[in-house]
Amino acid sequence: MIIWCNVAIKFHRMTQGEFTRMIETKTISKIIAQESAIKPLKFHVAGINEREGIAYIMRYGRVNELRTWRLDNLAIYLKDLNAPVFETQFQPKK
């Protein structure tokens, strides 16, 4: 659990299919692409339900590892789902 905008956020990992359904039903109100700390220029995607205080993180289907995306492929995926906007966060340079 982390504190985001003065609200405690719980994290849940889910598959791409579940994540897609959450976007389509408008359960997710904010989407954030966070650069991986391990793989530069690869991004993890989180969908936040601000009303419930829950963040949904996309994982691979068969293993419980966070899914990584190239930013262009992530943008295509989100655009196809009619997501109006997503925020991008980069890791600080070391």
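Note that these values count all heavy atoms, side chains included, but never hydrogens, waters or copies made by symmetry.
- Every pair tested for salt bridge (Lys or Arg N to Asp or Glu O under 4.0 Å) that includes a residue from residues 53-65 fails, sequence neighbours excluded, so the list is empty.
- In this structure, Leu66 CG and Ile57 CD1 are separated by 7.0 Å, a value rounded to the nearest 0.5 Å.
- Nearest approach of Ile28 to Gly47, heavy atoms of both residues: CG2-CA, 3.5 Å.
- Between the side chains of Thr15 and Tyr60, no donor-acceptor pair is found at a separation under 3.5 Å.
- Scanning all heavy atoms of the two residues, the minimum distance from Lys39 to Thr68 falls at NZ-OG1, 4.0 Å.
- Judged as a salt bridge (Lys or Arg N to Asp or Glu O under 4.0 Å), and not counting sequence neighbours, Asp80 has no contacts.
- No donor-acceptor pair under 3.5 Å is formed between the side chain of Arg13 and the backbone N or O of Tyr56.
- Side-chain atoms of Arg67 and Gln16, non-hydrogen and from C-beta on, do get closer than 4.5 Å to each other.
- Put simply, the side chain of Val45 does not reach to within 4.5 Å of the side chain of Ile32, judged on heavy atoms.
- Annotation: side chain of Thr20 is in contact with side chain of Tyr77 (closest heavy-atom distance under 4.5 Å).
- Checking side-chain atoms of His12 against main-chain N and O of Ile54 turns up no donor-acceptor pair under 3.5 Å.
- There is a side-chain donor-acceptor pair under 3.5 Å between Gln89 and Glu87.
- The minimum heavy-atom distance between Ile23 and Leu78, with the atom names listed, is CD1-CD2, 3.9 Å.
- Here the NZ-CG distance, from Lys79 to Leu74, works out to 13.5 Å after rounding to the nearest 0.5 Å.
- The nearest pair of heavy atoms linking Ser36 to Gln91 is O-CG, 3.7 Å.
- Take Arg21 and apply the salt bridge (Lys or Arg N to Asp or Glu O under 4.0 Å) test, not counting sequence neighbours, and it matches no residue.
- The shortest side-chain heavy-atom distance between Leu71 and Thr88 falls under the 4.5 Å cut-off.
- One hydrophobic cluster holds both Leu81 and Met14 under the rule that ILVMFWY side chains link at heavy-atom gaps under 4.5 Å.
- The main-chain N or O of Glu50 is found under 3.5 Å from a side-chain atom of Ser29 such that the two form a donor-acceptor pair.
- You'll find the ring centres of Phe43 and Phe86 outside the 6.0 Å limit.
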